[in-house]
Each structure stands twice: as C-alpha cells, then as structure tokens.
Amino acid sequence: MNRASPPLEQISATLADTSARQLHEWVPPVKDERGRLVQECPETVRYQDLVPVDQELPEARVALANLEAGVAFAIESIERQDPINVRAIVGAIDELVASTIRNPDPAIGLAIGRRQDHYTLRHCVNLAVWTVALGRQLGLPRADLRLLGTGAALCDMGRERLPRKLLQRAGQLSPWELEVIREHVSFSLELIPADELDAAVIAMVAQHHEHLDGSGYPNAMSGKKIDLYARIARISDCFEAMITRRPYREPQPISQAVKELYALRGTHFQKELVESLISAIGIYPAGASVELSSGEAGIVIGGSRRNHLKPAVWLMLDAHRLRLPRPNALNLATDRLERQIVRDYPEGGLGFGARVFFC
C-alpha cells in the first residue's frame, strides 16, 4: 500500500454519488484512420432499486447458479482441450444483469457467501458480480453491463493452463514464477472465442492487470490508454482477491479491503472508479459478518449502499455472543439505541456467514 488510508467514517463522507455524467471524461472517443468516430461514451441510465432484497433473492440465486454452471462447463472444456462455448455464460450474465438492475444486494450477498473450493470458478463468477454492480453504479446501459459481466467471467480462464502446484504455493513466488503466473493473460486470450465476442470483452481480458500508473502487466499501459471496462475489471479483481482465502494469505475483512483500495486510488486505480465500487456495494456490503457496539453480531442484509455505516443487519448473536433462538432484522439507520458496527469479519469468522440468509 502506498499511503495510509483514512478511517471508514471519512471514506464514507467523501464518497461522491459518482454518476455516468462523468463517463465522458473517462472514455476518450476512438476514431479510425480517416478520423471517423467509431466509439464514444455510452448513453447512461439512472438506476433505482425496484424490489426489496427478499423478493429478488430467489432470482439472484438462479442467476448465479446458472453462471457457475456455465463457467464450470467452460473450465471443463479447457481441461478437455475443447473450444469454450460462451453461450451459457452470456445467457447467465443476462440473468445476473437483470437481477442486479432490480436490486444488486442479493447477488452481492450470494457472492460473499458462496462456498467454492475451485478458485478460478469462484473468482470468475464473483468478478462478474462486482463488475456488473459497479457498472450499474456508473449508469451503464444494460447492453454494456452484459459486456462487463461477460468479460469478467472470462478474464481468468487462462489460469487453468498454469501449473496447479504453482497456483497452490503457500510461500513467496520467485520472479520467474511470477512471470509464469502472468502468462495467464495471454493464455486467456488464446482460449476465448474472439470472433464471437465484442472488442470491449477482448480488451477486458487483455488489460485487466494493467494499472493506472503504468505499473501493471503485460504491457505497462497507463491512464486512459487502458480501456474503461478493463479499469473496472482490475479494481473488481483486486477486491475479490483481497476478501478470498488464498494458499498464501487469509481473507481480509471487507472493510479492510475497502481501505486498501481507497488508499490506492489515483495510483493503481482510477479515483472515481474506486469510490464508485465502494458506493456500489457499500463499506459493509450485503453478506458481510459484523459485530455491533452492543456486542451483538450478525449478517448485513441490505441498506449499505444508502447508509454506508448503518445498514440493515440480520442479528444472529445476542450481546453475550449466544445464538439467538430466532434471528431478527435490525435497521441501524433507524435504531433508537444508536448501535453501530465496530468491526467486520472475513466470511465465516463469526462461526456463520452470509449463507445463513442468502444461500
């Protein structure tokens, strides 16, 4: 981390309602050799939650289950050395986009609570959730959210060509081993059916490890030279890696991941996109395990995108850390006792996790 991050209260206070009105500053127009405009900033949409969390949850479950099945089939195709069939992935992305447009919290809670030992499978599915949620926050239209989700689901397919022992290494990697890991980008480009995919999806796969300051790979691109959707994928990729258990590192609490991303804005990541991701999911997203100032604990079930520090919580433990006979919902934004979240835990860190409500 390049510099210390401020407290969560300060982060919450500085989060702008980043809207798509700013997109034109981030997406330079692309012209052909004759000077004709071939790409411009997309028209934008102002989204609002259309249904409550409990109503959307069944639809989100189906969407993520179908996406996991599509990604799993693609991974199996790679193992058989068969071409990847992206139709199932694209169809499931359509379902995810529709669910996220109505209310992103169920998909976010499901992503946090998913149990999946296969890292690439979990990563590809969750990366699609984070990128689509961020795209919604930016006001990108449905067609662009579909491109974002598709690119995210395909970004790391090349990992399946890397040596398994190297991916499972618990210790520090040598410079040579790091170079091998970085080859997954070129492997992904070889594996995906480029003739069936939009150029924006190809750009996401090719550039999703590039950093704003030029310190990324494989081509050390910087600034606006990096495609906007690749910039979105890079932030989402880093966030997912931070909160996921890896052979060499335990998962971080989500609030800590938020702090680290915030500290890297303007260097690794575009400032506005970092703030938009935090706004899109919340400092304590749906599915986060949290402890209250009263000693009670539970799972965030919504509201974090509107009240970053005071979401609705599904209480599971009482003030003595005993399991409640019946969980109950508490909206911290309207709590007369003015209870506050004092800390959050990695998934499962309280002996239960997002699955108790979302899965």
Side-chain angles (χ1 to χ4, degrees), residues 64 67-79 83-94 96-97 100 107 111 114 116 118-135 140 144-162 167 178 180-212 216-221 225-244 246 261 268-270 273 277 280:
L64 261 68
L67 180 55
E68 181 169 314
V71 172
F73 186 74
I75 291 172
E76 291 168 5
S77 298
I78 294 171
E79 293 171 350
I84 293 178
N85 186 332
V86 297
R87 286 193 295 271
I89 292 176
V90 173
I93 290 295
D94 281 339
L96 172 63
V97 167
T100 301
R114 290 176 65 246
Q116 179 51 254
H118 194 297
Y119 178 81
T120 303
L121 179 54
R122 174 195 164 97
H123 189 78
C124 290
V125 172
N126 284 8
L127 187 56
V129 173
W130 310 133
T131 56
V132 172
L134 176 48
L140 293 172
D144 290 78
L145 297 181
R146 180 185 185 187
L147 293 176
L148 266 178
T150 301
L154 295 172
C155 274
D156 281 321
M157 288 292 173
R159 287 176 54 88
E160 294 305 296
R161 280 194 176 176
L162 298 177
L167 294 175
L178 284 173
V180 174
I181 293 289
R182 291 178 175 182
E183 282 296 306
H184 83 273
V185 175
S186 59
F187 291 154
S188 294
L189 290 169
E190 292 173 6
L191 289 167
I192 62 175
D195 57 337
E196 300 178 32
L197 297 167
D198 189 278
V201 173
I202 307 301
M204 285 181 69
V205 176
Q207 302 171 18
H208 75 284
H209 279 287
E210 303 287 357
H211 289 158
L212 194 70
Y217 67 88
N219 296 313
M221 300 172 71
K225 294 179 182 178
I226 307 169
D227 185 84
L228 172 64
Y229 295 173
R231 282 177 259 160
I232 289 173
R234 182 66 196 121
I235 295 169
S236 304
D237 179 90
C238 188
F239 174 73
E240 171 63 18
M242 286 177 176
I243 66 171
T244 304
R246 306 293 295 276
L261 287 177
H268 279 43
F269 311 121
Q270 183 175 332
L273 293 181
L277 176 64

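Only a predicted model underlies this, so the values are computations on that prediction, with no experimental measurement involved. In this chain, numbering begins with 1 at the start of the sequence shown.
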Please determine whether side-chain hydrogen bond (donor to acceptor under 3.5 Å, both in side chains) holds for the pair D237 and H208, giving the CA-CA distance in whole Å, both sets of side-chain angles, and the decisive distance to 0.1 Å.
CA-CA 8 Å; D237 179 90; H208 75 284; 4.7 Å; no
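- For N219 (side chain) and M221 (main-chain N/O), no donor-acceptor pair under 3.5 Å exists by modelled atom type.
- Residues E190 and R161 are paired through a salt bridge, judged by an N-O separation under 4.0 Å between the basic side chain and the carboxylate.
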Going through the checks in order, is the side-chain hydrogen bond (donor to acceptor under 3.5 Å, both in side chains) test met by Y119 and D156?
CA-CA 10 Å; Y119 178 81; D156 281 321; over 6 Å; no
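- With respect to the salt-bridge test (charged N to carboxylate O, under 4.0 angstrom), the residues R87 and E196 do not qualify.
- Inspection of the D227 and Q207 side chains reveals no N or O donor paired with an N or O acceptor under 3.5 Å.
- The closest donor-acceptor contact from the side chain of N126 to the backbone of A111 lies under 3.5 Å.
- Summarising the geometry, atom CD1 belonging to I75 is positioned 5.5 Å from atom CE belonging to M157; distances are rounded to the nearest 0.5 Å.
- Judged by distance alone, the side chain of T100 and the main-chain N or O of A133 form no donor-acceptor pair under 3.5 Å.
- Aromatic ring orientation, H209 versus Y217: parallel (interplanar angle below 30°, classes split at 30° and 60°).
- Shortest non-hydrogen contact noted between V71 and V125 is CG2-CG2, 4.2 Å.
- Between the side chain of S186 and the main chain of E183, a donor-acceptor pair closer than 3.5 Å is present.
- Checked against L67 for a side-chain contact (heavy atoms from CB on, under 4.5 Å), the options V129, I93, D94 give a single hit: I93.
- In terms of modelled atom types and a separation under 3.5 Å, the side chain of R231 and the main chain of I226 share a donor-acceptor contact.
- Side-chain contact between E68 and H118 is absent, with no heavy atoms from C-beta onward closer than 4.5 Å.
- Counting heavy atoms from C-beta on, the side chains of L261 and H268 never come closer than 4.5 Å.
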